[in-house]
Amino acid sequence: MRVLIACESSGVVREAFRSRGHDAWSCDLLPAEDGSRFHIRGDALAVAQEGHWDLMVAHPPCTYLAASGLHWNHRREGRQAQTEAALEFVQKLMDAPIPRIAIENPVGCISTRIRKASQYIQPWQFGHPHSKKTGLWLKNLEPLEPTNVLATPESGRWENQTPSGQNKLGPGPERWKERSRTYEGIAEAMADQWGGCTD
């Protein structure tokens, strides 16, 4: 299966599919963190439009889409326009000529402006003791089935949460990259459950 992992520089999802024998490629404006030759540095939307992919898993940047930052749209000039551009990018990814598509993003305005998420998942459903509610917008794919559901900690908080429930990862230039990295358990589930799809 030819698989495009759009807007990914970490290679986590790409390598999950490649380890199962798929011809998987990541694509991002950034270079591949692992230096892989199976990475296309460029416009993910242009690559998605090429039309020879069987499956695309896309991780569009969430900076202007996530609910956690939308309040800035009324406080910073030009920010609303950036959200509109981000939504247009997501819609074009959804409309790409690829038979099976999954768009991944945190809770945000995709659900209110384009369409509701097909499902929401959490890292703790796939073996990671973390909380990060993430939406999946699916085309011709079944919802992901949890593979390793962890019990809620006695404290009521997951390892990545502060007492108030916020993410522990503090401000910094690499915060966005670390927050956007796909958990390996989720990547493995995608490869296992969606890698066998055929027409």
Side-chain angles (χ1 to χ4, degrees), residues 3-10 12-14 16-17 26-28 44-45 48 53 55-73 79-80 82-96 98-150 152 158-161 165-167 169 175-195 197:
V3 183
L4 173 64
I5 313 301
C7 310
E8 180 188 63
S9 60
S10 69
V12 173
V13 182
R14 180 220 321 130
F17 277 93
S26 54
C27 179
D28 198 84
L45 185 58
W53 305 100
L55 166 67
M56 175 174 68
V57 179
H59 310 275
C62 66
T63 304
Y64 304 110
L65 299 169
S68 58
L70 289 176
H71 63 95
W72 290 111
N73 287 11
R79 174 102 184 190
Q80 182 63 45
Q82 291 171 308
T83 292
E84 297 304 320
L87 284 165
E88 182 180 358
F89 180 68
V90 169
Q91 185 65 69
K92 287 180 178 178
L93 285 172
M94 289 180 172
D95 294 340
I98 300 172
R100 289 171 289 277
I101 295 174
I103 307 287
E104 175 274 340
N105 229 247
V107 176
C109 62
I110 297 175
S111 282
T112 56
R113 295 289 306 281
I114 297 179
R115 68 176 170 90
K116 291 185 177 181
S118 305
Q119 74 174 126
Y120 286 99
I121 58 174
Q122 287 275 7
W124 52 261
Q125 295 174 308
F126 300 88
H128 298 275
H130 291 178
S131 174
K132 183 186 176 188
K133 187 176 181 182
T134 303
L136 296 174
W137 289 260
L138 306 176
K139 171 187 168 183
N140 295 327
L141 291 169
E142 292 296 320
L144 275 188
E145 293 289 336
T147 56
N148 183 11
V149 178
L150 302 180
T152 304
W158 297 97
E159 289 182 8
N160 66 326
Q161 292 180 314
Q166 299 301 308
N167 191 281
L169 197 58
R175 182 179 194 270
W176 68 270
K177 187 184 293 187
E178 292 307 313
R179 287 278 288 146
S180 65
R181 187 180 305 276
T182 303
Y183 288 87
E184 288 184 11
I186 294 174
E188 300 285 326
M190 289 175 172
D192 283 336
Q193 297 177 37
W194 296 339
C197 294

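Both backbone and side-chain heavy atoms feed into the values below; hydrogens, waters and symmetry mates do not.
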Side-chain donor or acceptor of E8 paired with backbone N/O of H59 under 3.5 Å: no
Minimal heavy-atom distance between A48 and W53, with the atoms involved, is O-CD1, 4.2 Å
Rounded distance (nearest 0.5 Å) linking atom CG of N105 with atom CD1 of I110: 4.0 Å
Can you give me the closest heavy-atom contact between P61 and F89, atom names plus distance? CD-CE2, 4.2 Å
How long is the span from the CD atom in Q125 to the OG1 atom in T134, to the nearest 0.5 Å? 10.0 Å
Quick one: does W124's side chain get under 4.5 Å of N148's, heavy atoms only? no
I'd like to know if the side chain of Q122 reaches the main chain of K132, judged simply by a donor and an acceptor atom lying under 3.5 Å from each other, with no hydrogens or angles considered. yes
What do the steps show when you test Q193 against T147 for side chain to side chain contact (heavy atoms under 4.5 Å, CB included), and what is the final call? CA-CA 10 Å; Q193 297 177 37; T147 56; 3.7 Å; yes
Hey, what do you get for CD1 (I186) to CD1 (I121), rounding to the nearest 0.5 Å? 4.0 Å
Any luck finding a side-chain donor-acceptor pair between Y120 and S111 under 3.5 Å? yes
For W158 and H128, run side chain to side chain contact (heavy atoms under 4.5 Å, CB included): C-alpha distance rounded to whole Å, both residues' side-chain angles, the deciding distance at 0.1 Å, then the answer. CA-CA 9 Å; W158 297 97; H128 298 275; over 6 Å; no
Short question: side chain of W194, backbone of I101 - any donor-acceptor pair under 3.5 Å? no
Are M190 and V3 packed together at the side-chain level, in the sense that at least one heavy-atom pair is separated by less than 4.5 angstrom? no
For F126 and P146, the nearest pair of non-hydrogen atoms, with its separation, is CE2-CA, 3.7 Å
The reported gap from CG in L4 to CD1 in I98 (rounded to nearest 0.5 angstrom) is 5.5 Å
T182 side chain to V13 backbone, donor-acceptor under 3.5 Å: no
What are the two closest heavy atoms between C7 and P60, and how far apart are they? SG-CA, 4.0 Å
Kindly compute the distance separating NZ (K139) from CG (D95), expressed to the nearest 0.5 Å. 8.0 Å
Give me the atom names and distance for the closest heavy-atom approach of P123 to S131. CD-C, 4.2 Å
Nearest heavy atoms of A58 and L93, plus distance in Å: CB-CD1, 4.0 Å
Do the non-hydrogen side-chain atoms of L55 and L141 ever get within less than 4.5 Å of each other? yes
Give a yes or no on whether Q119 atom CD has more than 12 heavy-atom contacts from other residues, nucleotides or ligands under 6.0 Å away. yes
Using modelled atom types only, decide if a donor and an acceptor are shared between the side chain of W137 and the backbone of R115 within a distance under 3.5 Å. yes
State the CD-CG distance between E104 and L138, to the nearest 0.5 angstrom. 11.5 Å
